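Reading through the structure tokens given below for one structure.
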Protein chains: 2
Amino acid sequence: MKQFTKYIIKNSLKRIFLYRACLSRLKLMGVEKVFSYTLANETGVTSEQVRKDFSEFGIKGNKKGGYNTNELLEVMENIFHRNKEHNIILIGMGNLGIALSKHSQFIQRNMNIVATFDIDPFKQKVRSDIPVYSLSRLKEIIDRFKVKVAILAVPEISAQEVTDELVRLGIKGIVNFAPVLLKVPQDVIINNVNLCNELESVIYYVHQQIKADGSKNLELLYKGMKY
Amino acid sequence: MKQFTKYIIKNSLKRIFLYRACLSRLKLMGVEKVFSYTLANETGVTSEQVRKDFSEFGIKGNKKGGYNTNELLEVMENIFHRNKEHNIILIGMGNLGIALSKHSQFIQRNMNIVATFDIDPFKQKVRSDIPVYSLSRLKEIIDRFKVKVAILAVPEISAQEVTDELVRLGIKGIVNFAPVLLKVPQDVIINNVNLCNELESVIYYVHQQIKADGSKNLELLYKGMKY
DNA sequence: GAAATGATGTGAAACAATTCACAAAATACA
DNA sequence: TGTATTTTGTGAATTGTTTCACATCATTTC
């Protein structure tokens, strides 16, 4: 029954992303020491939460001395395996696929899109630094670059089919931009990113806000995930 | 202290998105009646959860008879104010901005990007169905189309500056693609979408999986948000 | 039309996450 | 050196969420 449910992105991991973003900024500003309340203030969580999260990942600070910015950043880089290079493939070179293939932040963070794929031979000619292949060459590339993670930006209709093939060829994690709930074996991680939903939730909350208009009830409306 | 923390996207709202996606599919397949366990099976949650979520939004079904697919869909459309047209603006016509401006799903769901903006006059010439304006015309467009929600796809460096301007001009909700924690007044909703983080979390879990390799501990690793 | 069935809806219980409260340790300073 | 101060780290308490268990009711069946 729960065959394709995945519990992913534990809250504390999401917050680690926040802390890291702050730390990078603080490092640039030349701050050498941070305290749990510094990060707390910057990210809008409590300082106890910061310390609890750290303890979950085994991060230790110095009593009174706080945390060393560089050390802390390094620990976080390790959590996300940033020391290693990660070879990623991208399937679907539509509007979104093209944008993702050019997304410079991926490279900055050691995530290299080694190849992109599309079913349409015309799109395979699109000029880009990254080669665009036909899907028939998936196996070859996945094997050669030992790819474990794929970005899926294909149309809804072909998402499941492509996923099945990816899983067959050994892909273990997928960031899925198609608005479909993919069915995959237990051991494959799916992270769904649905741009419409992201926009619609904002519309939803803006409307709630307008209805409630500055009342205290707002606090209640916003329980759940923190950003 | 918590000035720019926002609690958004309550879990049940996120799940409502899942249910709706299923319902749309079921409707296309001609299914007229659904039961809580139908949706539960399809989305990977429990049937009690489905009913609890529904009760939160005041959705009532028929004892024994389940829910009518069309009625249920309509209720959900109303939750997300889909009956109304929503005028959105998009700021930043880089790779991602261009892809978003062409994203057909937005239009399918009554979310119209009425105008796009960029600081670079060259990009303002880019061919598109949607006009690309200079930022100096923000006020005019926001007022004319009564825009309340904006998509922010500008570089990190200018994100806060543009946000301040948007807020000043009456924008109440922002989908932010820049990897920055924006500072906004209490009554403005921010939804951060960080593509690198989405990819990195998959890499994280794939690595955990490889380490743990099929053990029962995996269940523990995945607690938190459900997808 | 009475009994059996199958679904909803919801308090109560179990579980999970966050906050509180404070001991412990490191530093600063007299 | 000893006392005051500041910050970490973590059990305990609280708060929030999910699951359980079952009363309720509409429908079907006999």
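If you're wondering where the values come from, they're calculated on a predicted model, not measured in any experiment. Naming convention: chains lettered A, B, ... in sequence-line order (proteins, then strands); numbering from 1 in each chain. Worth knowing before you read on, the calculation uses all heavy atoms, side chains too, and leaves out hydrogens, waters and symmetry mates.
Atom-to-atom, OH of B:Tyr67 to C1' of C:dG6 comes out at 13 Å; the value is rounded to the nearest Å. Here C:dG6 presents its P atom at 9 Å from OH of B:Tyr37, a figure rounded to the nearest Å. Atom CZ of B:Phe35 and atom C1' of D:dT27 are 11 Å apart (whole Å). In this structure, A:Glu48 places its CD atom 12 Å from P of C:dT18, rounding to the nearest Å. If you measure from atom CG of A:Asp53 to atom P of D:dG9, you get 13 Å, rounded to the nearest angstrom. A straight line from CD of B:Gln49 to C1' of C:dA16 spans 13 Å, rounded to a whole angstrom. Between the CZ atom of A:Phe57 and the P atom of D:dG9 there is a distance of 15 Å, rounded to whole Å. In this structure, NZ of A:Lys52 is placed 8 Å from P of D:dG11, rounded to the nearest angstrom.
Here B:Asn11 does not reach the OP1 or OP2 of D:dG16: none of its side-chain N or O atoms lies under 4.0 Å away. Distances shorter than 4.0 Å separate some side-chain N or O of A:Thr46 from OP1 or OP2 on C:dT19.
Heavy atoms of other residues, nucleotides or ligands lying less than 6.0 angstrom from CD of A:Glu74 number 12 at most.
Distance alone, capped at 3.5 Å, is enough to place a donor-acceptor pair between the B:Asn87 side chain and the B:Phe145 backbone. Of the possible polar contacts, one joining the A:Gln160 side chain to the A:Lys183 backbone as a donor-acceptor pair under 3.5 Å is found.
The nucleotide whose nearest atom lies closest to any side-chain atom of B:Arg51 is, among C:dT8, D:dT8, D:dC20, C:dT8. For A:Arg15, taking side-chain heavy atoms from C-beta onward, the closest of the listed nucleotides C:dT18, D:dT19, C:dT8 is C:dT18.
Residues B:Glu165 and B:Arg168 are paired through a salt bridge, judged by an N-O separation under 4.0 Å between the basic side chain and the carboxylate.
Ring pair B:His86/B:His81 is perpendicular by interplanar angle, where above 60° counts as perpendicular and below 30° as parallel.
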Response to the item:
Heavy-atom contacts, protein to nucleotides 23-30 of chain C, under 4.0 Å, summarised as B (base), S (sugar-phosphate only) or - (none) per nt, yield -BBBB---

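Using a 4.0 Å heavy-atom cutoff across all strands shown, B:Lys60 reaches sugar-phosphate atoms only and no base atom.
Atom CG of A:Asn176 is separated from atom CD of B:Glu198 by 11.5 Å, given to the nearest 0.5 angstrom.
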